[in-house]
> 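Would you mind keeping the following structure in view while I ask a few things?
Values below: every heavy atom of this structure, side chains too, minus hydrogens, waters and symmetry copies. One is the number of the first residue; the rest follow in order along the sequence.
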Amino acid sequence: TQFRDGYSVPEADFVNRDNIDYEQKAGTLRLHIKGIDSTYKLDRFNVWVNESPLFGQRGISIKKKNSNSIDTTITIQLSQGENRIETSITNVNGTESYRMPLYVNYTPAVKQKEMIRFIGIGIDQFKESNYNLQYSSKDIRDLAIKLKERYKDSITIDTLFNKEVTAEKVKALKEKLQQTTVNDKVIVSYSGHGLLSKDYDYYLSTYSVNFNKPEENGLPYDELENLLDGIPARKKLMFIDACH
């Protein structure tokens, strides 16, 4: 239905790309972004560094401006090493502009420390004990031990097990991930039951989840994914060991 008369693809780019050197010594970069759609109003825009969205998956809404164009300047923080920087705009029809990469290489005067943050969530005991599992908690503990052996003081570990696994406590972990830096790495690993609601929405088990109605006390998949969205760290990995 989008391919009706007047269908259009918006355009966006960094106006100052030709004035930006590949080798960068400063940790920040100023970007002048311009975008336009000749037919439809614009809805949002975003910037990616090494495929990580700087303003979360949804980007920044510009719908209230009720405009066919955008002209803005932002300053971004660079990661150590090569940075693949992209921008795009999306119109109210949900059509996104093409992303044209801009590459720069940032070499700091002093190499910045890269930390790893591991979040492990393992649950094999439940309020409804007939759904108990055997190895979910052990798997997360074993993974945490091995990561600590390998990375020693370069890793910080946070875990939740069994009765501790509530939707509220999982959401609260986001505050710790907001303290990461752009050079850090984050690993989130979940092991437990995976459940589908009657509407086929995906939930992960918590200690007190209603197994017949997982929207009651279950952890929506979006909430787990949200832990990684919009945090400073740009290298992010999620493991899920669960059904469905």
> For Glu23, is the CD atom crowded, meaning more than 12 foreign heavy atoms sit under 6.0 Å from it?
yes

> Would you find a donor on one side and an acceptor on the other, under 3.5 Å apart, between the side chain of Thr87 and the backbone of Asn46?
yes

> If you group Ile, Leu, Val, Met, Phe, Trp and Tyr by side-chain heavy-atom gaps below 4.5 Å, do Ile60 and Leu29 land in one group?
yes

> Of all heavy-atom pairs between Ala233 and Val186, which one has the smallest distance, and what is that distance?
CB-CG2, 3.7 Å

> Mark yes when over 12 heavy atoms from residues, nucleotides or ligands other than Lys185 sit less than 6.0 Å from its NZ; otherwise mark no.
no

> For Glu11, does the CD atom have more than 12 heavy-atom neighbours from other residues, nucleotides or ligands under 6.0 Å away?
no

> I'd like to check Val47 versus Ile33 (side-chain heavy atoms, cut-off strictly below 4.5 Å). Are they in contact?
yes

> Donor-acceptor check, side chain of Lys41 to backbone of Val92, threshold 3.5 angstrom: yes or no?
no

> Find the distance between OG (Ser88) and CE (Met100) and round it off to the nearest 0.5 Å.
10.5 Å

> Could you tell me whether the side chain of Ser191 and the main chain of Asp139 form a donor-acceptor pair under 3.5 Å?
no

> Decide if atom OH of Tyr200 counts as having more than 12 heavy atoms of other residues, nucleotides or ligands within a radius under 6.0 Å.
no

> Is Asp158 paired with Arg117 through a side-chain N to carboxylate O contact shorter than 4.0 Å?
yes

> Let me confirm one number: the CD1-OG1 distance from Ile62 to Thr90, rounded to the nearest 0.5 Å.
8.5 Å

> Say whether, by atom type as modelled, one donor and one acceptor occur between the side chain of Thr206 and the main chain of Asn217 under 3.5 angstrom.
yes

> Do Asn132 and Gln125 meet the criterion of a side-chain donor-acceptor pair at a distance under 3.5 Å?
no

> Could you walk me through whether Phe118 and Leu143 pass the side chain to side chain contact (heavy atoms under 4.5 Å, CB included) check?
CA-CA 10 Å; Phe118 175 71; Leu143 186 55; 3.9 Å; yes

> So which heavy atom on Ala144 is nearest to which on Ile157, and how close?
O-CD1, 3.5 Å

> Stepwise, does the side chain to side chain contact (heavy atoms under 4.5 Å, CB included) test hold for Asn83 with Arg234?
CA-CA 11 Å; Asn83 293 253; Arg234 292 173 181 167; 4.0 Å; yes

> Indicate whether any N or O donor in one side chain lies under 3.5 Å from an N or O acceptor in the other, for Asp37 and Ser8.
yes

> Quick one: CG on Asn50 to CD1 on Ile85, what's the gap to the nearest 0.5 Å?
8.0 Å

> Do other residues, nucleotides or ligands put more than 12 heavy atoms under 6.0 Å from the CZ atom of Arg30?
no

> With a 4.5 Å heavy-atom cut-off, do Lys236 and Ile231 have their side chains touching?
yes

> I'd like to know whether Leu224 forms a side chain to side chain contact (heavy atoms under 4.5 Å, CB included) with Ile121, so could you lay out the CA-CA distance, the side-chain angles of the two residues, the decisive distance to 0.1 Å, and finally the verdict.
CA-CA 10 Å; Leu224 187 66; Ile121 303 164; 4.0 Å; yes

> Does Asn91 reach the main-chain N or O of Asn93 with its side chain, forming a donor-acceptor pair under 3.5 Å?
yes

> Who else is in the cluster with Ile145 when I, L, V, M, F, W and Y are joined by side-chain contacts under 4.5 Å?
none

> What are the two closest heavy atoms between Tyr40 and Asn68, and how far apart are they?
O-ND2, 3.1 Å

> Could you check, using the six-membered ring where one of them is a Trp, whether Tyr131 and Phe126 have ring centers closer than 6.0 angstrom?
no

> Going by the side-chain hydrogen bond (donor to acceptor under 3.5 Å, both in side chains) test, name the single residue among Asp13, Asn19, Asn16, Asp71 that passes it with His32.
Asp71

> Using 0.5 Å steps for rounding, measure from the CD1 atom of Ile155 to the CZ atom of Arg150.
10.5 Å

> If hydrophobic clusters are built by linking Ile, Leu, Val, Met, Phe, Trp and Tyr wherever their side-chain heavy atoms come under 4.5 Å apart, do Tyr207 and Ile119 end up in the same one?
yes

> For a quick test of reading the model, state the closest non-hydrogen atom pair linking Glu225 to Gln57 and the distance between them.
OE1-NE2, 3.6 Å

> Do Tyr135 and Asp241 touch side chain to side chain, with heavy atoms closer than 4.5 Å?
no

> With rounding to the nearest 0.5 Å, note down the distance linking CD in Glu164 to NZ in Lys169.
5.5 Å

> If we ignore hydrogens and angles and just use 3.5 Å, is the side chain of Asn105 paired with the main-chain N or O of Glu82 as donor and acceptor?
yes

> Under the salt bridge (charged side-chain N to carboxylate O under 4.0 Å, His left out) rule, what pairs show up with a residue in residues 85-106, not counting sequence neighbours?
Arg84-Glu86, Glu96-Arg99

> With rounding to the nearest 0.5 angstrom, report the CG to CD1 distance, Leu42 to Ile89.
4.5 Å

> Among the clusters formed by ILVMFWY side chains lying less than 4.5 Å apart, do Met238 and Leu227 turn up in the same one?
yes

> Indicate yes or no for a side-chain donor-acceptor contact from Asp184 to the backbone of Met115 under 3.5 Å, with no hydrogens or angles considered.
yes

> Going through the checks in order, is the side chain to side chain contact (heavy atoms under 4.5 Å, CB included) test met by Ile74 and Leu54?
CA-CA 11 Å; Ile74 64 168; Leu54 298 196; 5.6 Å; no

> Would a 4.5 Å heavy-atom cut-off, applied to side chains only, mark Ile123 and Tyr190 as touching?
yes

> Between Asp124 (side chain) and Ser137 (backbone), is there a donor-acceptor pair under 3.5 Å?
yes

> Flag yes if Val104 and Trp48 sit in one hydrophobic cluster, no otherwise; membership is Ile, Leu, Val, Met, Phe, Trp, Tyr, and two members link when side-chain heavy atoms are under 4.5 Å apart.
no

> Please tell me if the side chains of Phe45 and Ser97 come closer than 4.5 Å, counting only heavy atoms from C-beta onward.
no

> Do Tyr203 and Glu216 have side-chain atoms, one donor and one acceptor, less than 3.5 Å apart?
no

> Report yes if the side chains of Leu78 and Gln24 come closer than 4.5 Å at any heavy-atom pair, otherwise no.
yes

> Taking all non-hydrogen atoms of both residues into account, name the closest pair between Ala242 and Tyr202 and its distance.
CB-OH, 3.6 Å

> Any link between Tyr151 and Phe239 through a network of hydrophobic side chains (Ile, Leu, Val, Met, Phe, Trp, Tyr) touching at under 4.5 Å?
yes

> Taking the side chain from Ser52 and the backbone from Val49, do they hold a donor-acceptor pair closer than 3.5 Å?
no

> Within the structure provided, determine whether Tyr221 and His244 are in side-chain contact (heavy-atom separation under 4.5 Å).
no

> Backbone N or O of Ser208 within a donor-acceptor pair of the Asn210 side chain at under 3.5 Å?
no

> Are Ser154 and Glu114 side-chain neighbours, meaning at least one heavy-atom pair lies under 4.5 Å?
no

> Taking NZ, NE, NH1 and NH2 as the nitrogens, is one of them in Lys146 or Glu149 under 4.0 Å from a carboxylate oxygen of the other?
yes

> Is it the case that over 12 heavy atoms from other parts of the model lie below 6.0 angstrom from the NZ atom of Lys148?
yes

> Compare every heavy atom of Ser61 with every heavy atom of Arg44, then report the nearest pair and how far apart it is.
CB-CA, 4.0 Å

